[in-house]
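The structure appears below as structure tokens.
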Protein chains: 4
Amino acid sequence: MTMPDKRNDIIQGALELITEKGFHGATMAMIAEKSDVAVGTIYRYFENKDVLINALYHELEEKILGALRKEYSAEKPFRERFLLIGTTLLHYFISFPVHFRYMEQYHNSPYGISLRRDQLLNKADDVDITRQLFTEGIIQQVLKDFPLAVLFDLAFGPLVALARDHILGFIVLDDTLITRTVEACWDGVKR
Amino acid sequence: MTMPDKRNDIIQGALELITEKGFHGATMAMIAEKSDVAVGTIYRYFENKDVLINALYHELEEKILGALRKEYSAEKPFRERFLLIGTTLLHYFISFPVHFRYMEQYHNSPYGISLRRDQLLNKADDVDITRQLFTEGIIQQVLKDFPLAVLFDLAFGPLVALARDHILGFIVLDDTLITRTVEACWDGVKR
Amino acid sequence: MTMPDKRNDIIQGALELITEKGFHGATMAMIAEKSDVAVGTIYRYFENKDVLINALYHELEEKILGALRKEYSAEKPFRERFLLIGTTLLHYFISFPVHFRYMEQYHNSPYGISLRRDQLLNKADDVDITRQLFTEGIIQQVLKDFPLAVLFDLAFGPLVALARDHILGFIVLDDTLITRTVEACWDGVKR
Amino acid sequence: MTMPDKRNDIIQGALELITEKGFHGATMAMIAEKSDVAVGTIYRYFENKDVLINALYHELEEKILGALRKEYSAEKPFRERFLLIGTTLLHYFISFPVHFRYMEQYHNSPYGISLRRDQLLNKADDVDITRQLFTEGIIQQVLKDFPLAVLFDLAFGPLVALARDHILGFIVLDDTLITRTVEACWDGVKR
DNA sequence: CATGAATGAGCTTTCATTCAT
DNA sequence: CATGAATGAAAGCTCATTCAT
């Protein structure tokens with residue numbers, strides 16, 4: 001369980017620092033200091049800075065998917081499952097603003113772009129819960145007849161924007177507002 | 001008449017290069033070469049790289065608002081106005097993918113963050129067409145009773161996500177799909 | 001008489017600016033602005049920055065020698081002539097602190113060094129009043145039997161140091177103090 | 001034991017190079033090469049070029065004061081102590097022409113000026129041997145009744161000028177000449 | 001394995017100088 | 001002659017990466 005402890009220290013330090021200062025604002029020296037390790041040590045766990053940045057991303061991705069899987073239950077009615085995924089996601093973003101900010105920054109940087117291009121080819125991720133849900137929704141004719149990507153965007157686009165506004169302090173989200181917003185998203189995708 | 005021609009050359013060159021390589025990947029030397037100017041010339045028009053980056057952003061912002069204002073007509077029915085703004089925006093994003101990518105990158109970087117924080121204080125922008133439209137919609141009880149920011153996110157969140165997917169090649173948007181998606185957004189915000 | 005007016009403007013502007021900011025702190029652009037001419041104009045009067053700096057020096061040197069010649073009178077007794085030269089010099093330094101500072105800066109920079117090396121070869125300057133005075137003093141056995149250079153240093157070293165201290169605000173010189181100090185210098189060189 | 005060896009290498013290299021080429025003529029790259037270090041290494045020991053330049057100055061100041069303290073003896077008669085300080089100083093300047101040239105250059109540059117202004121405020125340095133000596137001389141009425149600064153200038157002004165002339169090759173100083181000159185300085189300050 | 005001093009390629013920025021107007 | 005926009009070589013400085021301890 002207590003795998004390479006230092007690796008986690010580094011991941012944590014890098015995460016916080018990069019979120020605050022950006023990929024280039026956070027130097028390896030700063031990350032090392034924040035993580036309480038020597039600069040050289042980082043290179044024992046990550047081949048170079050790019051590898052660290054990408055590893056960080058996948059680490060977070062895994063955590064989010066985990067959170068979704070934990071709450072999800074194939075038993076429940078479709079609408080309920082949709083709402084659950086939406087609220088869980090939003091809650092996660094708000095609870096871990098640093099994770100959220102990091103992923104945002106990653107997605108809109110050359111790093112994220114090249115990743116996307118890769119994913120486009122390896123149409124993997126069929127394990128993905130949301131993909132399954134939406135595919136089912138289309139087949140069952142519960143959802144509007146759109147390409148999968150469009151449905152994703154209709155459903156999650158608002159949530160991401162909302163999380164950002166909350167984290168930046170533009171609005172304050174509470175449980176009611178979260179629920180109501182996810183329901184509004186449902187209005188957007190439902191047939 | 002031939003106003004600062006070089007200034008525009010630089011803006012154009014910087015825009016393309018930064019969009020492709022990111023803020024740090026695009027060096028001043030590269031920008032100069034792409035713009036067919038000497039490095040020093042950039043500094044006659046922009047105090048430093050940061051200023052250039054921010055100027056670029058405001059330039060684009062102005063262009064987008066211009067595009068919106070051009071199409072907008074206060075005469076038309078509310079729903080139509082909403083759909084118009086949505087489709088115009090999406091069309092703009094698709095027609096100027098470089099502008100779109102730049103703004104995305106900007107928003108999710110330390111530059112954009114500090115800008116947002118400023119805007120939070122100077123709650124200006126009442127000239128803003130969309131703000132006016134949404135405020136009217138709330139008062140007229142046409143839109144769901146949400147804070148303004150939430151309505152913004154419900155309406156534009158999907159469009160931004162969609163534009164990104166299109167530009168990255170995940171989907172191909174045509175006029176029908178654009179119209180239908182914006183209508184779906186309408187479903188999300190309408191009461 | 002009103003020779004190239006611009007040339008004088010430049011000389012004046014450069015003098016003040018360099019005194020304040022140093023040779024490198026004063027850029028050609030700054031000098032141009034201060035002199036109310038275009039940058040290019042400077043190059044009509046001075047081949048380049050180095051030439052300007054050196055011309056400036058010789059201009060000042062000429063002024064100082066002029067001031068000395070003006071007061072000097074071969075008729076007066078030796079001691080009186082010595083005192084006159086000393087006080088005239090000190091007065092000049094204090095009246096034109098900018099000139100003084102410039103020359104100091106010049107002497108202690110690579111510019112001044114190379115100049116000195118030149119002067120060493122062309123043992124010119126026999127027209128020089130002080131040289132004549134001191135040579136006479138040695139021959140007449142009024143002054144201590146030292147090489148000329150040593151006598152110069154004994155006589156003028158304190159005056160230069162004093163002028164600097166005054167200009168920097170370490171002390172405030174008045175006429176009495178000036179006179180007394182030059183007399184003390186006399187004690188140093190007289191046999 | 002082998003304390004920051006590199007720091008000394010840098011100090012030595014910078015000293016020689018700056019003395020030869022001036023503050024701006026000596027680039028960081030040149031200094032690095034002369035010191036047999038990488039450019040970046042300099043920045044591990046000195047925050048930036050200005051800091052290096054100032055550190056260099058204080059290093060030399062300390063060495064000179066050390067040399068004076070080493071020779072000085074409060075037991076000896078006043079005149080003897082004065083002569084000792086004068087000759088020691090002159091010997092030091094001649095033995096370490098590079099040190100001397102550096103300090104001259106420093107004093108007559110924006111660096112030195114701001115330092116002086118600081119010292120003007122913190123009237124510290126009472127530990128200073130020469131200050132003690134001169135103060136005593138005034139009280140004992142051995143020295144002329146001048147402000148301290150004037151006495152300093154009368155005593156050291158010639159020595160500095162002389163050292164410069166020697167280093168530049170205008171004259172050649174030997175022990176006799178040194179002694180005689182310092183005695184002439186004594187004539188200048190003694191009552 | 002961990003360390004952090006050392007490295008140097010590469011970045012942003014400045015500024016003396018030129019030359020078309 | 002005067003102008004000042006344009007130039008680009010060269011400066012100061014940073015920081016990812018290495019490697020001897």
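Everything quoted here is computed from the prediction, not taken from an experiment. The basis for the numbers below is simple: all heavy atoms, side chains too, and nothing from hydrogens, waters or symmetry mates. Within every chain, numbering begins at 1; the chains are lettered A, B, ... in the order of the sequence lines, protein sequences first and strands thereafter.
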*asked:* Using every non-hydrogen atom in the two residues, find where K34(A) and E20(A) come nearest and quote the distance to one decimal.
replied: NZ-OE1, 4.5 Å
*In whole angstroms, how far is the P atom of dT14(E) from the CE atom of M30(C)?*
11 Å
*Mind telling me whether F23(C) and Y106(C) have parallel, tilted or perpendicular rings, with 30° and 60° as the class edges?*
perpendicular
_Using a 4.0 Å heavy-atom cut-off, does T41(A) contact any base of the nucleic acid, only the sugar-phosphate backbone, or nothing at all?_
base
*Using atom P of each nucleotide, how far apart are dT21(F) and dC1(E) to the nearest Å?*
22 Å
*Toss me the dot-bracket line for DNA chain F: Watson-Crick and G-U wobble, both under 3.5 Å, 5' to 3', using | for pairs to another strand and [ ] for crossers.*
.||||||||||||||||||||
*Calculate the interatomic distance between I31(C) atom CD1 and dC15(E) atom P; express it in whole Å.*
12 Å
*Map A38(B) and R44(C) onto DNA chain F by nearest heavy atom, then report which one ends up closer to the 5' terminus.*
R44(C)
*Decide whether Y111(A) and D50(A) meet the rule of one side-chain donor and one side-chain acceptor closer than 3.5 Å.*
yes
*asked:* Assess, by modelled atom type and distance only, whether the side chains of N108(A) and Q105(B) contain a donor and an acceptor separated by less than 3.5 Å.
replied: no
*Tell me: NE2 of H24(A) to C1' of dT12(E), nearest whole Å?*
14 Å
*asked:* Please check if the number of heavy atoms outside E59(D) that lie under 6.0 Å from its CD is greater than 12.
replied: yes
_Whole-Å distance separating the CD atom of E47(B) from the C1' atom of dT12(E)_ = 14 Å
*More 5' along DNA chain E: D36(D) or A29(B), using each one's nearest nucleotide?*
D36(D)
_Most 5' of G40(A) and G40(D) on DNA chain F, judged by nearest nucleotide_ = G40(D)
_What is the first contacted nucleotide of DNA chain F and what is the last, in 5' to 3' order, if contact means an atom lying under 4.0 angstrom from a heavy atom of chain C?_
dC1(F) to dG4(F)
*Rounded off to whole Å, could you give me the NZ-to-C1' distance for the K49(A) and dA9(E) pair?*
16 Å
*Please name the pair of heavy atoms, one in I42(D) and one in I10(D), separated by the smallest distance, quoted to 0.1 Å.*
CA-CD1, 3.9 Å
*Mark yes or no for whether T41(D), through its side chain, and V37(D), through its backbone, hold a donor-acceptor pair below 3.5 Å.*
no
*Salt bridge check: are R101(C) and E16(C) linked by an N-O gap of less than 4.0 Å?*
no
*Could you give the CG-to-C1' distance, from L52(C) to dA16(E), as a whole number of Å?*
12 Å
*Y57(A) and H107(A): aromatic ring centres closer than 6.0 Å?*
yes
*Between N48(C) (CG) and dC15(E) (C1'), how many Å, whole number?*
14 Å
*asked:* Measure CE/M28(D) against P/dT12(E) and give the value in whole Å, please.
replied: 20 Å
